[in-house]
Amino acid sequence: MTATTAVAAIVPAAGYGSRMQHDKPKQYLRLAGQEILLHTLTALLTDPRIKHVFIAVAGDDPWYQSLDFPGHWPLTRVAGGHCRAASVASGVAAAAAAGYSHVVVHDAARPCLRTDDLERVITAGLSSEAGALLALPVDDTLKRADATDNSEATLDRNQLWRAMTPQVFATNILQRALQQIGVDDPGLTDEASAVERCGYKPKLVSGSATNIKVTRPADLELARLYLELSREQ
């Protein structure tokens with residue numbers, strides 16, 4: 001592939017998600033008629049600029065093959081890693097080898113991504129050398145706790161944002177950042193944190209509060225509500 005701008009998505013789906021307190025990883029839980037991962041992939045593939053999706057799955061995963069993927073979906077399974085950053089690095093390597101100039105990294109358990117948010121963050125990521133990510137300005141009052149969970153200070157929330165996905169970067173920049181920082185660095189909580197430490201300043205694109213990450217049992221009902229509402233619009 002030699003296209004000047006060719007976009008692939010990367011979905012890290014090798015984690016188990018112990019906070020869900022379930023007998024299978026959260027991305028395989030059923031929600032509004034199908035598995036969360038299928039909702040997530042459906043949302044990503046609404047943007048025609050995404051030509052392929054690389055899904056990082058654990059080698060001993062017994063659930064992935066049982067999913068009913070539409071035959072026309074452009075999907076490739078890649079080896080998931082021992083942590084999120086390692087899974088993303090695996091996907092980035094596959095995208096780079098296939099010739100994709102840009103990657104859109106999205107959490108497997110964010111099934112409520114809006115089409116307009118996806119469109120805007122991809123557009124921003126393609127037009128900025130530093131990339132872009134969906135995020136939400138912090139509205140709540142923020143407290144810093146001491147070692148025994150007592151509030152010891154109120155933080156200034158101005159200029160603070162809550163990072164989300166998708167996050168969009170030039171493939172070579174993200175790959176180089178992950179290699180330079182190392183996937184085991186505890187500070188790599190998302191892809192933007194890797195490129196930031198290499199001197200880049202990714203564009204923050206205001207997203208929707210409905211783009212939640214299913215992490216705990218209570219999130220399932222909220223995600224179900226958001227999906228049902230989106231179908232009614």
Would you please test Asp184 and His82 for side-chain contact (heavy atoms from CB on, under 4.5 Å) and show each step? CA-CA 9 Å; Asp184 290 318; His82 61 281; 2.5 Å; yes
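When atom types are taken as modelled, the side chain of Asp61 and the backbone of Trp63 share a donor-acceptor pair closer than 3.5 angstrom. Put simply, the side chain of Arg157 never gets that close to the backbone of Pro137: no donor and acceptor are under 3.5 Å apart. Here the side chain of Ser206 pairs no donor or acceptor atom with the backbone of Leu136 at under 3.5 angstrom. Side-chain N or O atoms of Gln34 include none that pairs as donor or acceptor with a backbone N or O of Leu31 at under 3.5 Å. Between the Ser90 side chain and the Ala79 main chain, a donor and an acceptor come within less than 3.5 Å of each other. Panel note: side chain Gln27, backbone Gly15; a donor-acceptor pair is recorded below 3.5 Å. Within the 3.5 Å criterion, the main-chain N or O of Tyr100 finds a donor-acceptor partner in the side chain of Thr171. Side chain of Arg110 to backbone of Asn211: a donor-acceptor contact under 3.5 angstrom is found. Not one N or O on the side chain of Ser128 forms a donor-acceptor pair closer than 3.5 Å with the backbone of Gly125. Looking only at distances, a side-chain donor or acceptor of Thr40 sits under 3.5 Å from a matching main-chain atom of Ala108.
Follow the hydrophobic side-chain contacts under 4.5 Å out from Tyr226 and you never reach Leu41; the two are in separate clusters. Connection of Leu188 to Tyr200 is established within a shared hydrophobic cluster, with ILVMFWY side chains joined at heavy-atom distances below 4.5 Å, either directly or through further cluster members.
Atom CD of Glu152 has more than 12 neighbouring heavy atoms from other residues, nucleotides or ligands inside a 6.0 Å radius. In Arg30, the CZ atom is crowded: over 12 heavy atoms of neighbouring residues, nucleotides or ligands sit closer than 6.0 Å. Heavy atoms of other residues, nucleotides or ligands lying less than 6.0 angstrom from CD of Glu129 number 12 at most. For CG of Asn150, the number of neighbouring non-hydrogen atoms (other residues, nucleotides, ligands) closer than 6.0 Å is greater than 12.
Among all heavy-atom pairs drawn from Pro12 and Val105, the shortest one is CD-CG1, 4.3 Å. The minimum heavy-atom distance linking Ala8 with Ala95 is given by the pair CB-CB, 4.4 Å. Of all non-hydrogen atoms in Ala14 and Gly80, the two that sit nearest each other are CB-CA, 3.8 Å. Nearest heavy atoms, Asp190 versus Arg84: CA-NE, 4.5 Å. Of all heavy-atom pairs between Pro111 and His39, the closest is CB-CB, 3.6 Å. Residues Ala94 and Val78 come closest through the heavy atom pair CB-CG1, 3.8 Å.
Looking only at atom types and distance, the side chain of Glu119 has no donor-acceptor partner in the side chain of Thr115 under 3.5 Å away. Between the side chains of Thr5 and Arg49, no donor-acceptor pair is found at a separation under 3.5 Å.
Between Asp185 and Arg197, at least one side-chain nitrogen of the basic residue sits less than 4.0 Å from a carboxylate oxygen of the acidic one, meeting the salt-bridge criterion. In summary, Arg120 and Asp117 engage in a salt bridge, as defined by a charged side-chain N under 4.0 Å from a carboxylate O.
The aromatic rings of Tyr64 and Phe69 sit tilted, their planes meeting at an angle between 30° and 60°.
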